[in-house]
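Reviewing the structure listed below.
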Amino acid sequence: MTEKNIPETSEEKKSLNFIEQIVEEDLKTGKHKEIITRFPPEPNGYLHIGHAKSIILNFGLGEKYKGKTNLRFDDTNPVKEDVEYVDSILEDVQWLGYKWHGDVHYASDYFEQLYEWAVKLIKSGFAYVDDQSGEEISATRGTPTKPGIESPFRNRSVEENTDLFERMRKGEFKDGEKVLRAKIDMSSPNMHMRDPVMYRIKHAEHHRTGNKWCIYPMYDFTHGQSDYIEGITHSICTLEFENHRPLYDWFLDRIYEEGKTRPRQIEFARLNLSYTVMSKRKLAELVEKKYVSGWDDPRMPTISGLRRRGYTPEALKIFAEKVGVAKRENIIDVGLLEFSIREHLNKIAQRVMTILNPLKVTITNYPEEREEFLSAVNNPEDESMGSRQVPFSRTLYIEKDDFKEEAGRKFFRLKLGGEVRLRYAYFIKCNEVIKDANGNITELLCTYDPLSKGGKSPDGRKVKGTLHWVSAKHSVDVNVRLYDRLFSDESPDGHKDKDFTEFINSDSLTILENCKAEPYIKNAKPGDRFQFERLGYFCVDKDSTGNKLIFNRTVSLRDSWKIK
RNA sequence: UGACCCAUGGUGUAAUGGUAACACAGAUGGUUUUGGUCCAUCCGUUCUAGGUUCGAGUCCUGGUGGGUCAGCCA
């Protein structure tokens with residue numbers, strides 16, 4: 001072979017994001033032989049596309065560098081968490097196509113170890129029990145520009161602290177009566193270092209540990225240690241934890257044993273999407289106030305909503321790849337998400353003809369009883385998907401939008417006296433328009449050209465328009481739900497003076513109940529995806545019943561022709 | 001009047017001291033039995049002022065703008 005030996009740059013090495021650079025450096029220098037990352041959600045709500053970015057980042061790193069990725073629930077606050085959420089999170093991660101390493105982990109599995117480390121800190125003078133109330137602690141913390149004031153309980157003896165902490169665990173005190181605090185620096189310029197609370201008392205039932213504990217560790221005293229226990233090498237989180245990193249390291253410094261893997265916290269910018277909101281609280285409000293039907297409403301940016309909408313895991317991965325990973329605040333154009341799903345569905349979706357708003361067409365020169373089957377391509381992007389036979393007869397439906405009595409040259413569709421092609425079928429010409437008493441068009445009388453079978457004109461004459469159609473008597477009635485963006489503003493929660501609900505798009509859902517599909521779709525099952533030719537990508541909703549299919553429009557086709 | 005972080009087309013991400021690149025969006029044209037796909041072209045004085053250097057988007061200093069932090073949430 002005389003293949004030209006193109007220099008290795010032809011490998012077109014894709015540039016690495018800053019986290020991949022860190023990982024490669026750590027692997028190269030031998031700091032780590034293998035990387036271990038983790039996805040650590042708190043089970044207090046449903047996952048959204050921002051979490052998907054994090055999942056894809058963490059698991060993607062594990063795959064790319066032949067390492068491992070753990071799934072760990074950060075369940076240190078029993079009053080907010082529930083198994084309902086752990087179940088949905090498990091489902092979402094698996095749906096995205098990822099397998100976590102080993103068993104699912106829970107921070108609550110480490111409560112005993114965490115307790116021991118807390119005792120160790122007490123014994124070495126780095127932690128103390130504070131009797132101050134929450135208000136007092138808050139009032140003495142100072143402000144970003146003013147140092148805090150040390151607690152009067154700050155210098156209790158090790159013995160007293162040890163005893164008090166033990167009694168906290170035993171349940172001798174009520175909620176809020178005491179906390180365990182790290183003894184660091186009340187005048188630190190970093191607020192998180194001003195004697196942060198390590199443990200608080202909560203007499204509450206935990207979804208996993210039940211009533212075994214009544215003291216629960218705070219995030220800051222849990223996360224880094226959990227990473228450490230699991231041998232995590234790169235602990236990736238979002239930007240708002242940047243200021244926590246010194247504390248993350250401070251705790252680690254005090255428990256770290258030589259020779260063990262020491263995790264490193266790395267922060268990246270969370271994902272924001274235009275025309276939607278991402279915060280758990282706001283999404284919950286949309287559900288509670290019935291602006292949407294639930295967490296998996298197809299308009300929601302939740303993973304379950306996107307799944308129901310018809311998104312594929314591949315599309316979300318394409319999206320994540322295009323969005324990239326950096327430290328800059330961002331608002332991603334929702335158009336990029338739409339591009340990603342079109343890109344994937346274009347390659348894999350079965351084509352089918354469906355009429356959303358039917359207009360009856362009678363082919364007057366086509367024999368009454370005759371019917372024939374015409375060959376239609378299943379997917380022009382994938383020859384292996386073959387073709388199917390589509391029934392044709394004298395009475396058809398076309399799209400209402402595809403007819404205008406009179407229209408300009410830019411209108412390529414059917415007009416009175418004009419000719420178009422019915423896809424895979426014949427050329428037809430419209431001769432007469434039938435209207436009801438109100439002047440609404442109810443039917444078109446057309447004639448077809450028998451020589452144009454298959455859509456080719458033997459005499460070489462051209463038509464500009466090709467319409468999709470359905471044979472009336474063979475058609476299947478289906479319902480269709482069309483979705484628009486949930487908010488009319490690009491950044492609904494970006495206005496200081498206005499509540500995000502003020503920007504809710506009241507028109508975000510359109511239900512069509514009289515749609516006509518070609519018989520091919522008859523056996524479709526919930527989750528099945530199709531391209532309705534010229535209209536967009538649709539998937540079968542779980543609300544479908546045996547005799548009525550319901551389709552969600554995932555996304556429309558790109559449309560470079562604008563109806564004015 | 002603190003600490004930490006960030007600043008490159010409309011949007012997002014690259015360029016690792018050496019010709020500012022890619023994608024999305026938009027515009028225009030071509031192909032087309034989906035007004036889809038595909039193809040082509042167009043769309044930026046790298047926030048600012050100094051400095052270092054043969055050479056700065058990149059390094060240094062100041063400024064400006066934005067973000068995060070005052071939960072016994074994560």
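Order of the sequence lines fixes the chain letters, A, B, ..., with proteins taken first and strands second; residue numbering starts at 1 for each chain.
- Among the atoms of the strands shown, none is found under 4.0 Å from any heavy atom of Glu338(A).
- Between Asn190(A) atom CG and rU68(B) atom P the separation is 16 Å, expressed in whole Å.
- A close approach under 4.0 Å does not occur between any side-chain nitrogen or oxygen of Arg351(A) and OP1 or OP2 of rU37(B).
- Side-chain atoms of Arg413(A) and base atoms of rG35(B) include a donor and an acceptor less than 3.5 Å apart.
- rG36(B) atom P lies 17 Å from atom NZ of Lys347(A), rounded to whole Å.
- Going from atom CD of Gln21(A) over to atom C1' of rA14(B) covers 10 Å, rounded to whole Å.
- Two rings, from Trp250(A) and Phe126(A), have their centers less than 6.0 Å apart.
- Residue-nucleotide stacking is not present for Phe339(A) and rA25(B), judged by a side-chain ring centre under 5.5 Å from the six-membered base ring centre and planes under 30° apart.
- Here Leu557(A) lies in heavy-atom contact (under 4.0 Å) with a base.
- Lys462(A) comes within 4.0 angstrom of no nucleic acid atom, judged by non-hydrogen atoms across all strands.
- Whole-Å rounding puts the Tyr199(A) OH to rG71(B) C1' distance at 18 Å.
- Counting any heavy atom pair closer than 4.0 Å across all strands shown, Phe268(A) reaches no nucleic acid atom.
- With Tyr275(A) as the aromatic partner, Arg485(A) meets the cation-pi criteria of under 6.0 angstrom to the ring centre and within 45 degrees of the ring axis.
- Annotation: side chain of Glu230(A) is in contact with side chain of Tyr110(A) (closest heavy-atom distance under 4.5 Å).
- Between His206(A) atom NE2 and rC73(B) atom P there is a gap of 14 Å when expressed in whole angstrom units.
- Taking syn as a glycosidic angle within 90° of 0, rG71(B) qualifies as syn.
- Between rU34(B), rA3(B), rG36(B), one nucleotide has an atom nearer to the side chain of Ser560(A) than all others, and that is rG36(B).
- Counting non-hydrogen atoms under 4.0 angstrom, Val79(A) reaches nothing in the nucleic acid.
- Within 3.5 Å, no donor on the side chain of Asn346(A) pairs with an acceptor on the base of rU37(B), nor the reverse.
- Taking the 5.5 Å centre cut-off and the 30° plane limit, the aromatic side chain of Tyr219(A) is not classed as stacked on rA74(B).
- rA70(B) atom P lies 11 Å from atom CG of Asp220(A), rounded to whole Å.
- Using a 4.0 Å cutoff on non-hydrogen atoms, the parts of residues 137-152 of chain A near RNA chain B are Ile137(A), Ser138(A), Arg141(A), Gly142(A), Thr143(A), Pro144(A), Thr145(A), ordered by number.
- For the pair Leu337(A) CG and rA23(B) P, the interatomic distance rounds to 19 Å; values are reported in whole Å.
- Taking a cutoff of 4.0 Å between a charged side-chain nitrogen and a carboxylate oxygen, Arg388(A) and Glu518(A) qualify as a salt bridge.
- Judged by the 6.0 Å and 45° rule, Arg208(A) forms a cation-pi pair with Tyr106(A).
- Contact between the side-chain N/O atoms of Lys202(A) and the OP1/OP2 oxygens of rC73(B) is found at a separation under 4.0 Å.
- A close approach under 4.0 Å does occur between a side-chain nitrogen or oxygen of Arg200(A) and OP1 or OP2 of rA74(B).
- The phosphate of rC24(B) (OP1 or OP2) has no side-chain N or O of Ser340(A) nearer than 4.0 angstrom.
- Among rA15(B), rC73(B), rG36(B), the nucleotide with an atom closest to any side-chain atom of Ser15(A) is rA15(B).
- A cation-pi contact, defined as under 6.0 Å to the ring centre and within 45° of the axis, links Arg169(A) to Tyr115(A).
- Among the heavy atoms of the strands lying under 4.0 Å from His244(A) is at least one base atom, whether or not backbone atoms are also near.
- In this structure, Tyr216(A) reaches neither bases nor backbone, as no heavy-atom distance under 4.0 Å exists between it and the strands shown.
- The shortest distance between the side-chain N/O atoms of Gln265(A) and the OP1/OP2 oxygens of rC5(B) is not below 4.0 Å.
- By the 6.0 Å and 45° rule, Lys202(A) does not stack over the aromatic ring of Tyr216(A).
- Between Arg558(A) and the phosphate of rU37(B), there is a side-chain N or O to OP1/OP2 separation shorter than 4.0 Å.
- Rounding to whole angstrom units, NE2 of residue His192(A) and C1' of rC5(B) are separated by 13 Å.
- Looking at heavy atoms from C-beta onward, Lys453(A) lies in side-chain contact with Glu372(A) at the 4.5 angstrom threshold.
- Although no hydrogens or angles enter the test, the distance criterion places no donor-acceptor pair under 3.5 Å between the side chain of Asn70(A) and the main chain of Arg72(A).
- For Met191(A), taking side-chain heavy atoms from C-beta onward, the closest of the listed nucleotides rU37(B), rC69(B), rC72(B) is rC69(B).
- Using a 4.0 Å cut-off, no side-chain N or O of Ser188(A) falls inside it from OP1 or OP2 of rA3(B).
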